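Just so we're on the same page: letters track the sequence lines, and every chain starts at 1. Here the structure is a predicted model, which means the values were calculated and not measured.
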Amino acid sequence: MTRFQQRVYNIVKRIPRGKVATYKVVARAIGNPRAMRAVGNALNKNRDKRMSCHRVIRSDGMVGGFARGTKEKIRLLRSEKVMIINKKAAVKHIISKF
DNA sequence: CTAATGACCATTA
DNA sequence: ATAATGGCCATTA
């Protein structure tokens, strides 16, 4: 586990149920404002099902990728009442700061 | 060390 | 409105 991954997970862990954050905002929160792409890579490697990496989406509102499939990601989000239309999450759920 | 990869982003066409 | 492009960065081969 690299330190970068640690920092990412520590932030992602704090996203409350029913809310989502963008890769970009997470990158900013860990102090690497331009590392949003690397954030996605870090989450991709996570195999811990207990961790809620499905709450991280793209900055344009699209749900984005998921290690176990976008379908599953959407299913998980819907299960916690996050409204999704055309693979896009409703703005009201998106958190923009920590 | 260099090169390639990808759960991204903003700009441009 | 959609699609392509160049850039960015941690990790891995």
Could you give the [atom1]-to-[atom2] distance, from [X] to [N], as a whole number of Å?
X: A:N44; N: B:dG6; atom1: CG; atom2: P; value: 9 Å
X: A:R58; N: B:dA10; atom1: CZ; atom2: C1'; value: 12 Å
X: A:K24; N: B:dA10; atom1: NZ; atom2: C1'; value: 8 Å

Looking at every heavy atom in both [X] and [Y], which two are closest together, and how far apart are they?
X: A:Y23; Y: A:G65; answer: OH-O, 3.7 Å
X: A:R78; Y: A:I84; answer: NH2-O, 2.7 Å
X: A:V12; Y: A:S52; answer: CG1-O, 3.5 Å

Problem - Per-nucleotide protein contact string for nucleotides 2-13 of chain C (B base, S sugar-phosphate only, - none; heavy atom under 4.0 Å) - result: -----BBBSSS-

Practice task
Would you check if A:Y9 and A:C53 make a side-chain contact, meaning some heavy-atom pair closer than 4.5 Å?
Solution key: no

Problem - N or O in side chain of A:T22 less than 4.0 angstrom from B:dC8 OP1/OP2 - result: no

Practice task
Could you walk me through whether A:N32 and A:F4 pass the side chain to side chain contact (heavy atoms under 4.5 Å, CB included) test, one step at a time?
Solution key: CA-CA 10 Å; A:N32 295 43; A:F4 181 79; 4.3 Å; yes

Exercise for the section: Look at A:E80 together with A:K19 and state whether they make a salt bridge at an N to O cut-off of under 4.0 Å. Expected result: no

Fill in the blank from the handout: Parsed dot-bracket for DNA chain C after applying the Watson-Crick and G-U rules with both distances under 3.5 Å and | for other-strand partners is .||||||.|||||

Practice task
Measure the NE2-NZ distance between A:H54 and A:K73 for me, rounded to the nearest 0.5 Å.
Solution key: 9.5 Å

Handout entry: N/O donor-acceptor pair under 3.5 Å between A:R37 side chain and A:R34 backbone
Key = no

